[in-house]
Amino acid sequence: MADTELLVGLGAVLYAAGLVGVMVRRNALVMLMCMELMLNGVNLTLVTFARQTGATEGAVLVFLVFVVAAAEVAIAIPILLLLARARRTLDVEAYAELKG
Amino acid sequence: MTHPLLLIVLLPLFGFLVNGLVGGRAGPRFVSVVGCGFPIAAFAVTVKCFLDLSAGGAPIVDPVYTWAAFDGHSFEVAFAFDRLAAVMTLIVTGVGSLIHVYSIGYMKDDRGYARYFAYLNVFLFFMLMLVLGKSLLILFVGWEGVGLASYLLIGFWFEDADKARAGKKAFITNRVGDAGFLLGMFVLYQAVGTLDMGTINAAFASATPPAVSATLVGILLFIGATGKSAQIPLHVWLPDAMAGPTPVSALIHAATMVTAGVYMTARMSAIYLAAPEASQVIAVVGVATAFFAATIAMVQTDIKKVLAYSTISQLGLMFVAIGVGAYGVAIFHLYTHAFFKACLFLGAGSVIHALGGEQDIRKMGGLARRIPVTFVTFAVATAAIAGIPPLAGFFSKDEILWFALASDRGGSTALFAAASLTALLTAFYMFRLLWLTFFGASRMDAKTEHHVHESPPSMTGVLVVLAIGSAIGGFVAIPHYLEPLLPLPAVQSAMAHFEHPVVYLSVALGFIGLAAAAYFFGGGGTRGDGLRARFAGLHRVLSGKYFVDEAYDALLARPLTWVSERVFLGLGDRMLLDGTLHGLTGFARRTAGVLARVQTGNLQFYLFLAVLGLVAALGWSWQHG
Amino acid sequence: MIETGLMYFFAAVALGGSIAMLIARHPMRVALALITTMLSLAGIYALLGVHVLAVFQVLIYVGAVMVFMVYVILLIDVRDSAFAQRFSWLLVPGIAGFVGLAAILCFALWRGDSAPGSAAAPPFGVRPFSEVFLNEYWLYFELVSVLLVAAVVAAIAVVKIGTRRHG
């Protein structure tokens, strides 16, 4: 169905947008949120294909992605906060210590 | 005994191994017993072989193993014992053992006692390999080996830089000669197809000689002999080699190693018989060296240097005999020379030992009463070298003079005149040495004078044996013994009736030399000083050894050093090699510097690169998939 | 008919939300845009008949993750240099990358073979879903629980580091 193409295309665009957002934005929290956007794009494609082939596995996988994303955010935010407190800024340009 | 010759060769090697490995810890008595025991055992086996040879008549051949065999070429390790080898081996082991015994007393207090005997034994091993070898290959191994042993022993007290340098000079000068020797061997192998000396001699003596210039081969082999036997132009190492311990000088640089050149040319006699030009060259070089060295010996002030130049001179005379085809006579002189020269050197060692290290004859004198045994043996040996009958030297020298004049293979009056003049000078400078060292008022300083004492019996005993050998050795008719192997040349018919006058002349020369020396150097020795003052310029040239060393330095050493430094070091090593390396590293460093700019530490930049990679990978896979 | 219309609507909203995310200056606005996108995605899932996932999307993603994010944004001083300067120096290359990546993904998509037709009755109800999940994929369920435990432990550890550093 044409929907498949649309949805997969949308998923691709969301993914690309998330990726670009990580690259382009300077605020660390915004970068995190763009990574969530990437995950959502992937989820969308997964669901679409699962729906298309009728495989329940796809849905299971999406659920697992939810859980993992939640765990990831639970860790990433505290780490980011510590880093931000150490550098006194959320600007990722200040985090370039592994230079050279 | 199945391999007697191999046993003779290997016995000193065992001595070397034992003394070299455990001698340092085993103590001097052990070292002395091992160090002298093995050479004496080798001498005993040699005597047995000699008796077998005399009884049987056929040469003993001892094939050991085949070193290499391929493609129709075969190189054997084998030893052969014929009359010539018998004479040489008896001299080497006999005189060698005596010198080993002498060394016990002489080197008693030296720190490197075990090392000394180890080196001495390894020298003996190589020398025996040289004289017993059946092919030029084995001879050459021994040749090189004695050169090595000589280097080790000359530079024995290597902490002294000058002595170490003398060792180096000896080895390098030898190597120059060896280049000629090697070339000669290559040509021989190419022409004859084997290095076996018997086969080569047979090939050259046969009716169809090999298709190679015998003169070329002869000259090439002789170049090797000039290096080893210290003839012009490669004689420069022998005087410097006196830096080694005196027994070493006696063994290596008087009795055995330096005679290897004479032995080798005598052994390859068939080549020289087929090459009259080469023989002429040998005779001329020999007599020139003999004369030249004798003139230098006249003004030397170090007791060992006089004897060194004397050795060079006597070797020259041996080559004169080789050059005129009297090979057996050359070996005869080699034999007598071994006795009296070893006795002279060991006597000098005894004097040096008595004086606590003094070697300058201007600081000696009046020793005859105080070290009587040394004096008597030294005097006997001096008379022998001067050619006073009936001592050994007279017989051999007289034969050389006779054949220099009358041999139909190159004898001439010019050669005879030069050789006779050399004989005169020999007598003169040797008696000068005797007078200045032992007679007259003592010119020693007080401390040395107190120290003067006769040497221990291990040293004086050997001196007595060698003096006896110098006295009666001449009665052994070596040329006659070697006649089947090395036939004596025929005598020119015109000269035939000069035989007895030559004998009288050579006796006269000996006594004239004695008288002249006594005149100039006896009493106060002031007349000798007067002579020096009158011929000051000549004296300077002779003292400077005709400035040959300086000439070599200027012509060869300095340009070579310049080339090494400027071209090879400056250009080759620094610019090319170092430059390439530095260039490569510099290139690597610069490239790394450029590439390291990728690592900005900026996460977003890395992500960007990842995206680029991802796009490229996806594109490529979808292009090709 | 309505379904298709709704589909397009939700798709448009999702797209708009994502663009807004990229452009908005204040992180709170970014968060809200993301929430919008997620909600519209939930709607898409529901339209596709996978109600389980739609609900979980809202519950977990929006309800937990985004709430957490919003909470953090509220607590932090966001007016720093990243507020003044939104974009890093990779803006232009980034946009080029975006265009390239999106293009290549879409190109692959539209060039690709179409998958076989869908099943008659989509087995995405709660019951079939949970049966499959807890029967066949029980291992991954357990692993994921372990992961969550690990996350809790890690979070506590990070907090401890934080408190240790500052008294």
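Side chains included, hydrogens not; waters and symmetry mates left out as well; all remaining heavy atoms used. Letters go in sequence order (proteins before strands), and every chain restarts at 1.
- With rounding to the nearest 0.5 Å, the separation of CZ in C/Phe10 from CG in A/Leu10 is 12.5 Å.
- For the atom pair CE (C/Met69) and CG (A/Leu29), the distance works out to 6.5 Å, reported to the nearest 0.5 Å.
- Both the backbone and the side chain of C/Tyr140 come within contact range of chain A, judged by heavy atoms closer than 4.5 Å.
- Taking all atoms of both residues into account, the shortest heavy-atom contact from A/Tyr15 to C/Leu105 is CD2-CD1, 4.3 Å.
- Counting non-hydrogen atoms of neighbouring residues, nucleotides and ligands closer than 6.0 angstrom, the CZ atom of A/Arg87 exceeds 12 such neighbours.
- When each of A/Ile79, A/Leu64, A/Val68, A/Val13 is checked for heavy-atom pairs under 4.5 Å with chain C, A/Leu64 comes out on top.
- With a 4.5 Å cut-off on non-hydrogen atoms, C/Leu90 touches chain A through its backbone and its side chain both.
- Here the side chain of A/Arg25 pairs a donor or acceptor atom with the backbone of C/Leu22 at under 3.5 angstrom.
- The minimum heavy-atom distance between A/Ile75 and C/Ala155, with the atom names listed, is CD1-N, 3.8 Å.
- Contacts between C/Ala31 and chain A at a heavy-atom distance below 4.5 Å involve backbone atoms as well as side-chain atoms.
- Using a 4.5 Å cut-off between heavy atoms, C/Val158 touches chain A through backbone and side chain atoms alike.
- Looking at C/Ser18, the atoms closer than 4.5 Å to chain A (heavy atoms on both sides) sit in the backbone and in the side chain alike.
- In this structure, the portions of C/Leu91 lying under 4.5 Å from any heavy atom of chain A include both its backbone and its side chain.
- In this structure, chain A has no heavy atom under 4.5 Å from any part of C/Ala64.
- Within the 4.5 angstrom heavy-atom criterion, only backbone atoms of C/Arg25 (N, CA, C, O) approach chain A.
- For A/Ala50, the parts sitting under 4.5 Å from any heavy atom of chain C are the backbone and the side chain alike.
- If you measure heavy-atom distances from C/Leu53 to chain A, the contacts under 4.5 Å come from both the backbone and the side chain.
- Here the straight-line distance linking atom CG of A/Asn27 with atom CZ of C/Phe87 works out to 12.0 Å at 0.5 Å rounding.
- For C/Ile23, the part lying near chain A is the backbone, with the side chain staying farther off; criterion is any non-hydrogen pair under 4.5 Å.
- Within the model, atoms CZ of C/Phe133 and CD of A/Glu57 stand 12.5 Å from one another, a figure rounded to the nearest 0.5 Å.
- Contacts of C/Thr4 with chain A are made by side-chain atoms alone, with heavy-atom separations under 4.5 Å and no backbone atom involved.
- The CG atom of C/Leu75 lies 8.5 Å from the CG atom of A/Leu81; values are rounded to the nearest 0.5 Å.
- Atom CG of C/Leu139 is surrounded by more than 12 heavy atoms from other residues, nucleotides or ligands within 6.0 Å.
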Using distance only, find each side-chain donor-acceptor pair of residues 33-46 of chain A under 3.5 Å and give its atom names and separation, not counting sequence neighbours.
unit_1	atom_1	unit_2	atom_2	d
A/Glu36	OE1	C/Tyr61	OH	3.1
A/Asn40	OD1	C/Gln57	NE2	3.1
A/Asn40	ND2	A/Glu36	O	2.9
A/Thr45	OG1	A/Val42	O	2.6

